[in-house]
Number of protein chains: 2
Amino acid sequence: MPNQNGTGPRWMHGQIKCCGYRMTKPREAILDVLANTQNHLSAEDIYMAVHKFYPNIGLTTVYRNLEVLVNIGMVVKFEFGEGKSKYELSDEYSSKGHHHHLVCKECYTVIDYSDFMKDEVSFLKSTENGLSEKYKFNITDHLIQFFGVCEKCTNK
Amino acid sequence: MPNQNGTGPRWMHGQIKCCGYRMTKPREAILDVLANTQNHLSAEDIYMAVHKFYPNIGLTTVYRNLEVLVNIGMVVKFEFGEGKSKYELSDEYSSKGHHHHLVCKECYTVIDYSDFMKDEVSFLKSTENGLSEKYKFNITDHLIQFFGVCEKCTNK
DNA sequence: CTCCTATTGGTAATGGTTGTCATTATCAAT
DNA sequence: ATTGATAATGACAACCATTACCAATAGGAG
Ligand SMILES: [Mn+2]
Ligand SMILES: [Mn+2]
Ligand SMILES: [Zn+2]
Ligand SMILES: [Zn+2]
């Protein structure tokens, strides 16, 4: 979807140009779709959303660009166990900020949470330090997910 | 591989019979393969290992049984980003015990670690409590992974 | 031993993702 | 504004891990 108000962050001025990539219509459209949803979208979801405004943009192009955007850190790719990857804007480019996921194993509802971070921060810091020291790893990232059954699925 | 010494835990007496499942040759072979490796195996890996001793056991059977074993909690399924699932015995049936994973994003080496658990325990307890309370989730499980670049890949 | 039915194995199908390649579009340099 | 090098695109085919299907087999309670 074309940026509705002219005041939003123009992707043009973001990470993309700096990395030697060109700013193209599909790229922009994909970022706009991701910026305008609260959900975690599959490549197909994004393709369909983009398709409404640019019917000639292909699914292959969506996949290719998601890969690029993940590589330059503007988008994050997740596997929640559904058999297809889900994407969302990375912390820096999203209004959500740093968060993790609570996933229902039955209906695959995904909840973003950023509560209870005090304990997480200290846990992460000490664990990352310990691990990188002991295993000589250059740690760049972490993945924390909780799984369970949501309220709706429990009462069913 | 057929259980090498007659003294190991016979899967026969485990979880399987209790759940109404039958103990079959393929089932036993798959569990033996998983019990005799330190690695995280794909369905194909397991199929090939089983195939050496029971050449007539099919890949489909391996997949079907892995699903059963995951469902009754004897096996755990992981996605490390390679595009195929990896399997290992669950904590209770493995000599490894409770642990998490440190994954190299370049070569997909996976390290099991169970260090630095003191901080994790308190983090998990408070976060699980907070989340299940706030979001009315019945939390059953968690996934913690650290990603980075291993020593070998860094010097290359 | 018999019977019920869970399980198997072979093969085809599915579905998400990636490769190919001729064509097009971006943008730095003129 | 025009040009040119090349990044990016779109249509389609190929890939590959996983599932569905179904007739044949085998576990194990009685
Ligand atoms: Mn999220
Ligand atoms: Mn492990
Ligand atoms: Zn649910
Ligand atoms: Zn590595």
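No hydrogens, no waters, no symmetry mates; every other heavy atom, side chains included, goes into these values.
- Every residue was checked against the ring pair (Phe, Tyr, Trp, His ring centres under 6.0 Å) condition with Phe146(A), not counting sequence neighbours, and none meets it.
- Relative to the axis of its first five pairs, the axis of the last five pairs of the helix from dC1(C)-dG30(D) to dT30(C)-dA1(D) sits at 40°, rounded to 10 degrees.
- Of all heavy-atom pairs spanning His99(A) and Glu88(A), the tightest one is NE2-OE2, 2.9 Å.
- Remark: His51(A) pairs with Tyr47(A) by the ring pair (Phe, Tyr, Trp, His ring centres under 6.0 Å) rule, at least two apart or across chains.
- Heavy atoms of Ser85(A) sit under 4.0 angstrom from primed sugar atoms or phosphate atoms, though from no base atom.
- Between Glu67(B) atom CD and dA17(D) atom C1' there is a gap of 14 Å when expressed in whole angstrom units.
- Taking side-chain N and O atoms only, Tyr63(A) has no distance below 4.0 Å to OP1 or OP2 of dT18(C).
- In terms of position on DNA chain D, the residue among Lys86(B) and Lys25(A) whose nearest nucleotide sits closer to the 5' end is Lys25(A).
- Rounded to a whole Å, the CG atom of Asn56(B) is 6 Å from the P atom of dG9(C).
- Rounded to whole Å, atom C1' of dA11(D) lies 13 Å from atom NE2 of His51(A).
- Between Val110(A) and the choices Lys86(A), His40(A), Gln145(A), the side-chain contact (heavy atoms from CB on, under 4.5 Å) rule is met once, by His40(A).
- Between Leu143(B) atom CG and Asp141(B) atom CG the span is 8.0 Å, to the nearest 0.5 Å.
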Only pairs under 3.5 Å count here: list side-chain donor-acceptor contacts from residues 115-122 of chain B, not counting sequence neighbours, and write none if there are none.
{"residue": "Asp115(B)", "atom": "OD1", "partner": "Lys134(A)", "partner atom": "NZ", "Å": "2.7"}
{"residue": "Asp115(B)", "atom": "OD2", "partner": "Lys134(A)", "partner atom": "NZ", "Å": "3.4"}
{"residue": "Asp115(B)", "atom": "OD2", "partner": "Tyr135(A)", "partner atom": "OH", "Å": "2.8"}
{"residue": "Asp119(B)", "atom": "OD2", "partner": "Ser126(A)", "partner atom": "OG", "Å": "2.9"}
{"residue": "Glu120(B)", "atom": "OE1", "partner": "His100(B)", "partner atom": "NE2", "Å": "3.2"}
{"residue": "Glu120(B)", "atom": "OE2", "partner": "His100(B)", "partner atom": "NE2", "Å": "2.8"}
{"residue": "Ser122(B)", "atom": "OG", "partner": "Asp119(B)", "partner atom": "O", "Å": "3.2"}

For the pair His142(A) and His98(A), evaluate ring pair (Phe, Tyr, Trp, His ring centres under 6.0 Å) and give the outcome as yes or no after the intermediate values.
-> CA-CA 12 Å; His142(A) 60 261; His98(A) 186 64; 5.5 Å; yes
A correct 5'-to-3' footprint of nucleotides 3-8 of chain D, with B, S and - meaning base, sugar-phosphate only and no protein heavy atom under 4.0 Å, is --BBBS
Please table the atom pairs, donor to acceptor, closer than 3.5 Å between any side-chain atom in residues 71-80 of chain B and protein atoms at least two apart or in another chain.
{"residue": "Asn71(B)", "atom": "ND2", "partner": "Glu67(B)", "partner atom": "O", "Å": "3.4"}
{"residue": "Glu79(B)", "atom": "OE2", "partner": "Ser85(B)", "partner atom": "OG", "Å": "3.0"}

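- When the nucleotides dT19(D), dT17(C), dT20(C) are ranked by their closest atom to the side chain of Thr60(A), dT20(C) comes out on top.
- Summarising the geometry, the separation between CD1 on Ile57(B) and P on dG10(C) is reported as 10 Å, rounded to the nearest angstrom.
- Between Lys84(A) atom NZ and dT18(D) atom P there is a gap of 16 Å when expressed in whole angstrom units.
- Other residues, nucleotides and ligands contribute only 12 or fewer heavy atoms inside 6.0 Å of the NZ atom of Lys25(A).
- The nearest whole Å value for the distance from the CG atom in Leu41(B) to the P atom in dA17(D) is 15 Å.
- Atom P of nucleotide dC12(D) and atom CG of Leu59(A) are separated by 13 Å, given to the nearest angstrom.
- Rounding to whole angstrom units, OH of residue Tyr54(A) and P of dG10(D) are separated by 12 Å.
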